[in-house]
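See structure below.
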Amino acid sequence: MAEQMKQTAASSLAERYFAAKHHLFDTLYQSMNEKQREAVYTVNGPLLVLAGAGTGKTTVLVNRIAHIIRYGNAYYDDTVPNGLTEANVSALEQSASVMSGEELGQLCESFSSNPCPPWAILTITFTNKAANEMKERLSKVIGEKSADIWAGTFHSICVRILRKYGERIGYRSGFTIYDTDDVKKVILECMKQLNIDDKQLQPRTVMNTISRAKDKLQTPEDFMNEVGSDLRLSQIASIYELYQKQLFDANALDFDDIIMQTVALLKAEEEVRSYYQNRFKYVCVDEYQDTNHAQFMLTGLLSGKYRNLMVVGDDDQSIYKFRGATIENILHFDDTYSDAHIIRLEQNYRSTTNILNAANSVIRNNFGRRGKELWSNAGEGEKITIRKLDNQNEEARYIINKIMDQVIREKRKYSDFAVLYRVNAQSSYLENIFAKSGIPYRLLGGTRFYERKEVKDIIAYLCVINNPSDNLRLKRIINEPKRKIGETTLTALENIAAYEDVTILDAMRNAENYPTLAKSITKLHDFAYMIDALTEISKTEKLSVLFQRVLELTGYMKMLEAAGITEIDRVQNVKELVSNAVAYEEANEDATLSGFLEEVALVSDIDNYDENADAVVLMTIHSAKGLEFPVVFLPGMEEGLFPSIQSAMNPEELEEERRLAYVAITRAKTRLYALHTRERLIYGKTNFNQKSRFLEEIPEEYTNIEIPKSIRQQAAEAEAAANGGTVTAPGDRKKKVTMSKEFFRESDLSAGVGRTQSYDRFTAGDVVSHFTFGRGVILSVREMGADILYEIAFDTVGTKKLMATYAKLRKFDE
DNA sequence: ATGGGGCTGCTTTTT
DNA sequence: GCAGCCCCAT
């Protein structure tokens, strides 16, 4: 009897101890909601976090990692300390309300259970930007220790593994990474060799098919066995085989190889596998909805020993199916990991309820979801503006007017605004009009920096220096600048190289031994020796010195400079490349050529997007994933464009488009404009598109459909206000428009920004000052309709062409 | 070997 | 609309 009493007392003491412990942790993380905390505490075993847009998943990831390092499995640990007394427990119970955050943190350390060193944690993200953000936030929370955490993209982590152990599956160090451009060239070459007509079988299709095969970890043999008697597929299979051989011979990997070969390495080499499996006690994967099968296998392998695998994703934001992402990874995570814990984050901290309700109503039309409804207590907010414009230029002007209006009236920053569109092709007209407006903007996407010819050329030189087998890159630069080494000589070189089983560069060094090269011996020797000399320099000198020498010795800079003004942009780009190399050198103590080339191969434009720059940002919806903006414009919400014409037939693709629409809507915090036009010029054709079905899916209660005033109405107003000035709408028809006394107004068809009643006229040579660009000198003046196009050399931003009505120039006075 | 001119064909999203 | 390709003339 007495024994029993004692036990009850002990267990209730233990219960109180656990309750107090939990309460202390809950207080420590009181800025988070219950679900978020649950995710932080759940450190052991497979964990799936379904995190809707804006639900604070990065916060969860960062805090969970910090928690693992400091406290381990403290929260769910069920051991009761020895000699627990009533006094201990009451002390704990009272601590939460009296302690500071720091003291609480200290106290909680006493509950630690298997805390984990930072080097045993791996976090995988999708973009470098996300990886950097993760590292930054981690270093804020846990300080220096964060440097030891492995945080990177799938590709950067795999490259790191391959650099270390790739030799075990036949890759030499210093391997090259081929981008889509390179891949296409190799594919075309393979097709030519195999006598497959590139008109009957599109290289694009071949590339995609091979890429999908690699996502599924299919080797050329696997693929060959699977295709059966299908002619097209067996053609692709033979291309795949040859392609893979060519890449391997060039010591090169494409993007898909980086993942696939790492998986192959981990599967084949027990020693390597157990090295990483022992090392990584905790593995976290962000954006899990965008992973493919190979990446699924990879995370499974890396976390294989401890099985502490956390994946975070949102099935509703899966928008990369087209490049092999399988939403099944997230939909079936709990099939594979039957003991998986699942947590849903549904409280949104980003947007107003009107925006969220609109997003929810759109995504609800998709089947095959895990089901999730975002909510927020940010208040109802403004309704979504839906507006029809006449054409894409009016649409762009509408956007500019709204931005200028809100910058002036609401004191918003330019960086509060984002213009998000479906296809990059939309960027050109937007950019044109933005450029004229004088509004600072940044355009992401389009031709990327590292895809520019001159940049790729210089990189190609460095690749050849780094990897002499890289024949593709060698061919790119062998005659750039012109060295009079043409098609004939090159073919001869390739034949010799293949026959002798040496590199093209070797064949060049030994040119004198081959009659077919007789005419070019000196030219070939010169080139090979130049590469040799640069290779020597690369071994002893710093990266920045190597860069200078490459520009000099190859004659590349001279070639650009000789071309004069027409190539001035290219000179700039090359210089920017050099400064990137210098920056890389400064940021990395052990800066190597391989390392730099690797970074170059794996960065994207979005990684360089600087959130601090005060500029409107223009980009595709895909690039905007993970970002948020107070005000978002969605131009081109039209059938045929969004959803795109090619998805209309296919229900699955249509669902992906709808998810993309969901991503687009949920980028906005407080204000959203969805725009569509009567006619649209795109890809050189004018289309008359219906309003997008996604807009029809938003209930009226959340939207405000703006009706433009009719032209007649405007004319009447103009009559009434006799003090108005005459302006001409860009493009055409003179009409009278009232100019308001206000700084500017939005008038529906004319749409101009800052059309003051009159503006000064300048002539070439005048010194002017601009709202954002500052001081500049007028270079040229051109009448354009009723407007004037000024070319102005600004002190800070270089030469720009601005329309007088938008630029709002003032005479410069000291 | 090179450079220009004209033509075709392709345009969804990108680590 | 435009990039990249091919063919032809130098």
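Chain identifiers are assigned alphabetically (A, B, ...) following the order of the sequence lines, protein sequences preceding nucleic acid strands; residue numbering begins at 1 within each chain. As a basis for the values below, the full set of heavy atoms in this structure was taken, side chains included, without hydrogen atoms, waters or symmetry mates.
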Roughly, in whole Å, what's the span from CD in A:Q426 to C1' in B:dT11?
13 Å
Take A:I478 and A:L493 through the test side-chain contact (heavy atoms from CB on, under 4.5 Å) and record every step on the way to the result.
CA-CA 11 Å; A:I478 196 166; A:L493 278 169; 4.1 Å; yes
Let me know, please, whether A:I645 or A:E487 comes out on the 5' side of the other along DNA chain B by nearest nucleotide.
A:E487
May I ask you to say what A:T488 touches in the nucleic acid, namely base, sugar-phosphate or nothing, with a heavy-atom cut-off under 4.0 Å?
sugar-phosphate
For the aromatic rings, using the six-membered ring if either is Trp, is the centroid distance between A:Y421 and A:F642 under 6.0 Å?
no
side-chain contact (heavy atoms from CB on, under 4.5 Å) between A:N687 and A:E679, intermediate numbers included
CA-CA 6 Å; A:N687 294 311; A:E679 65 169 34; over 6 Å; no
Let's see if you can work this out: which of B:dA1, B:dG3, B:dC10 has an atom nearest to the side-chain heavy atoms of A:K484?
B:dA1
Within this structure, what is the NZ-to-P distance between A:K184 and C:dG4, rounded to whole angstrom?
8 Å
Of B:dT13, B:dT2, B:dT15, the nucleotide closest to the side chain of A:F322 is B:dT13
When you look at A:Y178 and A:F255, which way does the ring pair (Phe, Tyr, Trp, His ring centres under 6.0 Å) test go after all the steps?
CA-CA 7 Å; A:Y178 279 2; A:F255 281 126; over 10 Å; no
May I have the distance from A:N432 (atom CG) to C:dG1 (atom P), rounded to whole angstrom?
12 Å
For A:Q295 and B:dT14, what is the distance between atoms CD and P respectively, to the nearest whole Å?
17 Å
Output yes when at least one side-chain N/O atom of A:S623 is less than 4.0 Å from OP1 or OP2 of B:dT14, else no.
yes
Give A:T489 one of three labels, base, sugar-phosphate or nothing, depending on what nucleic acid heavy atoms sit under 4.0 Å from its own.
sugar-phosphate
Interatomic distance where NZ belongs to A:K523 and P belongs to B:dT2 [whole Å]
8 Å
What's A:Q202 touching, base or sugar-phosphate or nothing? Going by heavy atoms closer than 4.0 Å.
sugar-phosphate
OP1 or OP2 of B:dT13 less than 4.0 angstrom from a side-chain nitrogen or oxygen of A:N424, does that happen here?
yes
State whether the aromatic ring of A:F154 stacks on the base of B:dT15, taking stacking to mean ring centres under 5.5 Å apart and ring planes under 30° to each other.
no
If only side-chain N and O atoms of A:S428 are considered, is one of them under 4.0 Å from the OP1 or OP2 phosphate oxygen of C:dG1?
no
With a 4.0 Å cutoff (strictly under), does any side-chain N or O of A:R204 reach OP1 or OP2 of B:dG9?
no
A:T176: what forms a side-chain hydrogen bond (donor to acceptor under 3.5 Å, both in side chains) with it, not counting sequence neighbours?
A:N467, A:D470
Please compare A:N479 and A:H155 by the position of their nearest nucleotide in DNA chain B and report the one closer to 5'.
A:N479
Nearest-angstrom distance from the residue atom CG of A:D181 to P of C:dC5:
9 Å
To the nearest angstrom, how far is A:L444 atom CG from B:dT14 atom C1'?
13 Å
Taking B:dG3, B:dT15, B:dT14 as options, the one with an atom nearest any side-chain atom of A:T620 is B:dT14
Rounded to the nearest Å, what distance is computed from the CZ atom of residue A:R212 to the P atom of nucleotide B:dT13?
15 Å
Checking all strands, does A:K685 fall into the base, sugar-phosphate, or nothing category for heavy-atom contacts under 4.0 angstrom?
nothing
Identify whether any heavy atom of A:E657 sits under 4.0 Å from a base atom; if not, whether one sits that close to sugar-phosphate; answer base, sugar-phosphate or nothing.
base
Hey, can you tell me if A:F527 and A:Y461 have their rings parallel, tilted or perpendicular (30° and 60° cut-offs)?
tilted
Base, sugar-phosphate or nothing for A:F126? Non-hydrogen atoms, less than 4.0 Å.
sugar-phosphate
